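Since the structure is predicted, the reported quantities are computational estimates derived from the model, not experimental observations. A, B, ... follow the sequence lines: proteins, then strands. Residue 1 opens every chain.
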Amino acid sequence: MTTPPMPSTPQPQAPAQAPAQAGPAAAGAPPFPGQAGATYTSPIPIRSTHIGDAIASEWTKIRSVRSTVWTLGIMIFLMLGLGLLIAWGVSYDDGELVDVPALTLGFTGVLLGSLCVITLGVLTVSSEYGTGMMRTTLTACPNRGRVLAAKALVFFALVFTITTVTATVVAVLQTSMVDAVDATGSEWLRGTVGVGCYIALLGLISLAVGSLVRHSAGAITIMLGVVLLPLVAAMFLFAESMEELRRGLLEYSIPSQLSVLYGNTVTDSGPQGWTPVLFMLVLALVALGGALAVLESRDV
Amino acid sequence: MIEAVGLTKRYGAKTAVYDLSFQVRPGAVTGFLGPNGSGKSTTMRMILGLDQPNAGRVTIAGHPYRSLPNAPRQVGALLDAKAVHGGRHARNHLLCLAQLSGIPARRVDEVLGVVGLQDVAKKRSKGFSLGMGQRLGIAAALLGDPQVLLFDEPVNGLDPEGILWVRNLMKRLASEGRTVFVSSHLMSEMALTADHLIVIGRGQLMADMSVKDFISANSADFARVRTPGTEPKQREKLTATLTEAGGQVLPEQDGALRVTGLPLSRISDLAHDAGVRLWELSPHQASLEEAYMRMTQGAVDFRSTTDQRAGLQQQLAAPVLAGQPPVPGQGQPDWYAPPPPQQGGGQPFAMPQPAPQAPQAPGQPNPYAPQPAATPASPATPAPAAPATPPADLTKPGSKPTTEDA
């Protein structure tokens with residue numbers, strides 16, 4: 001048995017081959033390569049594509065699935081509900097906050113809401129792998145970097161907007177309900193835009209992890225570990241020699257950093273001001289860079 | 001035009017595609033055939049730049065897929081009908097694909113009409129049947145009005161109306177001068193649709209020729225001759241006479257004879273001269289399916305066996321083995337008798353020419369050796385523990401597998 005690389009090579013068959021080749025040729029097929037003329041060209045002009053097309057596509061994707069509505073809806077509900085409940089509890093108690101503005105009361109809601117953002121970030125990519133949609137997407141746009149960038153940009157913009165707006169609404173309501181020190185302008189900015197940035201960047205890390213792991217449950221578990229483990233580990237490091245590690249874990253754990261944005265610091269030496277956002281930005285860029293490198297080289 | 005040169009893909013120790021070279025030309029429907037696991041889908045994925053080949057390259061119109069400018073406007077593909085996010089409704093699914101390549105939204109409604117899904121455009125694709133999913137996938141492939149189209153099993157799950165529609169669609173697309181590359185397991189469908197065939201087995205090219213050539217090269221037409229079943233001697237006599245006259249005679253399971261190399265009239269004359277009565281003398285024209293089965297039966301990785309339900313019965317002793325056919329696979333539903341030896345050697349893809357009792361072993365000694373896949377396996381070749389054997393083990397835990405070693 002021969003395995004001809006070209007269809008026209010089997011010598012014994014040559015006489016029979018010629019008339020048979022005429023069959024498709026009659027239907028408009030050039031029997032041999034290089035024969036031009038019959039090739040179809042679309043009458044609609046082909047324009048080149050850019051990142052804007054990919055962003056429009058990703059926006060269609062993220063708004064057309066229910067997981068987006070559910071996760072972000074629950075996040076808004078948690079932030080508003082917990083924020084108001086805590087503010088109501090404090091004011092009902094007739095208690096006054098000592099030395100801290102009412103903004104700090106928003107922390108609990110955002111911390112729980114961040115879990116929703118993690119889920120959405122992971123699902124944005126891993127659900128495409130889970131369903132096989134990723135193949136369809138990468139066939140429609142072979143530029144993988146562009147797909148990942150568009151996903152990241154759309155996701156960041158959406159989560160940043162939702163979180164910032166909700167955090168602002170909650171902060172305004174809490175401030176009006178509780179007697180406390182007036183917050184300064186920079187404190188307001190950190191407690192709203194800063195928190196929005198921080199949560200959206202955390203979501204971007206989840207998105208990158210989802211792209212690396214390609215499995216929803218696995219990626220969500222990893223991200224929960226990233227958020228919770230350092231704090232839990234710090235609680236159980238009693239040894240003297242571990243003191244420095246314990247302090248580091250405590251200060252740089254994600255809940256602690258988030259509370260820094262609300263003006264609460266666990267220790268005096270930890271990150272201050274906008275440092276948590278910067279820290280998260282670097283982490284997100286590294287994670288996305290890794291996700292891109294793997295995506296470019298891996299079989300889909 | 002799709003051109004593959006020396007395409008090779010390995011997944012760990014398994015070689016999915018080995019040194020595959022072919023061309024798919026515009027203006028014709030090219031069928032892509034091969035048994036399950038032979039590397040069809042892997043090849044399709046490599047064409048689309050989803051998988052990176054370990055060696056070789058594949059280009060579309062001279063470019064690798066990933067460097068085509070605006071690829072979806074030039075290549076449309078249906079890989080997997082279920083490769084959609086089930087929670088998104090059909091129109092949004094197509095819309096997000098359209099936006100990726102700058103195709104306006106009204107084109108989405110247009111292709112939804114073309115595939116007949118306009119009524120369920122706002123339904124989530126999770127609830128779609130396989131056939132509706134296929135239609136959605138075909139719609140996605142047609143979105144960009146591309147000149148090259150790839151379809152992996154497009155008629156799976158379609159209703160008869162849908163199958164007819166796909167058949168005509170493929171032909172129309174090809175007649176417009178597009179390149180149409182279709183994989184399918186439905187041979188009757190391929191015989192009607194395809195002009196040209198590329199057949200692979202175990203990741204290697206087995207044939208690249210027109211449908212007509214493929215059938216004539218891989219299945220000799222034969223005559224079925226039946227002598228009175230009550231007189232076995234007549235049968236032996238006729239066999240001897242026909243063989244003497246230069247024909248090849250193979251016994252069939254039901255007692256008939258399969259004769260090649262002699263025209264029907266000659267067989268009749270010979271039988272008459274020998275004084276043998278005939279109960280049947282019928283011409284048998286091979287179908288594409290049979291030609292395909294012939295060619296690929298040596299390269300089938302997954303073969304079903306008759307379910308003897310031995311696992312449900314009380315253990316029987318060895319007598320079960322007494323009735324085993326002498327040849328692996330023989331008597332199984334999908335077994336095709338080996339092709340008869342042919343005169344003149346006019347078969348470029350001739351199957352091995354074994355003695356009737358020793359056809360090709362189901363497991364090739366080395367399927368990825370540089371030699372072509374179906375190198376004649378001599379009867380002496382020890383069949384390795386081939387992938388074809390496990391089904392026998394699974395279905396009959398109480399008895400030995402149906403290999404020639406058994």
Side-chain angles (χ1 to χ4, degrees), chain A residues 1-7 10-13 16-17 20-21 23-25 27-33 35 37-44 46-50 53-54 56-58 60-61 64-67 127-128 131-144 147 297 299-300, chain B residues 1 21 23 25-28 48-52 65-66 68-73 77 79-80 82-89 92 95-97 99-102 140 145-147 174-178 195-196 204-206 208-210 212-213 216-217 345-351 372 374-375:
Chain A
M1 166 179 272
T2 54
T3 327
M6 296 295 158
Q11 278 83 26
Q13 199 60 29
Q17 189 87 358
Q21 282 286 6
F32 294 104
Q35 212 164 307
T39 316
Y40 178 82
T41 328
S42 175
I44 311 148
I46 297 176
R47 71 165 175 84
S48 61
T49 53
H50 46 77
D53 297 318
S57 168
E58 291 301 332
T60 305
K61 276 185 195 169
S64 61
V65 288
R66 293 190 179 181
S67 56
S127 73
E128 286 214 21
T131 55
M133 178 73 189
M134 203 58 177
R135 284 192 180 142
T136 312
T137 302
L138 292 185
T139 305
C141 181
N143 186 338
R144 298 179 184 185
V147 170
S297 60
D299 289 348
V300 184
Chain B
M1 164 121 126
S21 301
Q23 289 178 333
R25 280 169 220 80
L48 294 172
L50 295 174
D51 285 14
Q52 203 64 36
Y65 186 83
R66 284 179 72 178
L68 277 174
N70 205 343
R73 289 298 316 278
L79 277 192
D80 179 3
K82 286 288 167 192
V84 297
H85 192 302
R88 195 171 282 135
H89 62 61
N92 274 336
L95 182 63
C96 73
L97 294 178
Q99 285 170 330
L100 264 181
S101 44
D145 194 28
Q147 66 177 62
S175 70
E176 288 169 352
R178 304 187 215 232
D195 308 303
H196 198 90
Q204 289 181 311
L205 190 71
M206 298 183 85
D208 181 349
M209 48 172 56
S210 73
K212 213 163 126 194
D213 286 353
S216 66
Q347 282 185 294
F349 303 102
M351 290 296 292
T375 309

Please check if the side chain of [X] supplies one atom and the backbone of [Y] the other of a donor-acceptor pair under 3.5 Å.
X: A:Ser64; Y: B:Arg88; value: no
X: B:Arg73; Y: B:Ser101; value: no
X: A:Tyr40; Y: B:Asp145; value: no
X: A:Asp299; Y: B:Gln52; value: yes

Tell me, yes or no, whether the heavy-atom count around A:Arg66 atom CZ, taken from other residues, nucleotides or ligands under 6.0 Å, exceeds 12.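 Atom CZ in A:Arg66 is not packed in, count stays at 12 or less.
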Name the member of [options] that forms the most heavy-atom pairs with chain B at distances under 4.5 Å.
options: A:Ser297, A:Gly132, A:Pro43; value: A:Gly132
options: A:Asn143, A:Thr49, A:Leu138, A:Thr41; value: A:Thr49
options: A:Ser57, A:Ser42, A:Pro142; value: A:Ser57

Contact part of B:Asp51 toward chain A, heavy-atom cut-off under 4.5 Å: side chain, backbone, both or neither? both
Which one of [options] has the most heavy-atom pairs closer than 4.5 Å to chain A?
options: B:Gly49, B:Ala71, B:Gly102; result: B:Gly102
options: B:Ala83, B:Ala77, B:Gly86; result: B:Ala83
options: B:Asp80, B:Leu100, B:Leu48; result: B:Leu100

For A:Thr137, is it the side chain, the backbone, both or neither that has a heavy atom under 4.5 Å from a heavy atom of chain B?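 Both parts, heavy atoms under 4.5 Å.
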Just how far is it from atom CE of B:Met1 to atom CZ of B:Arg25, taken to the nearest 0.5 Å? 7.0 Å
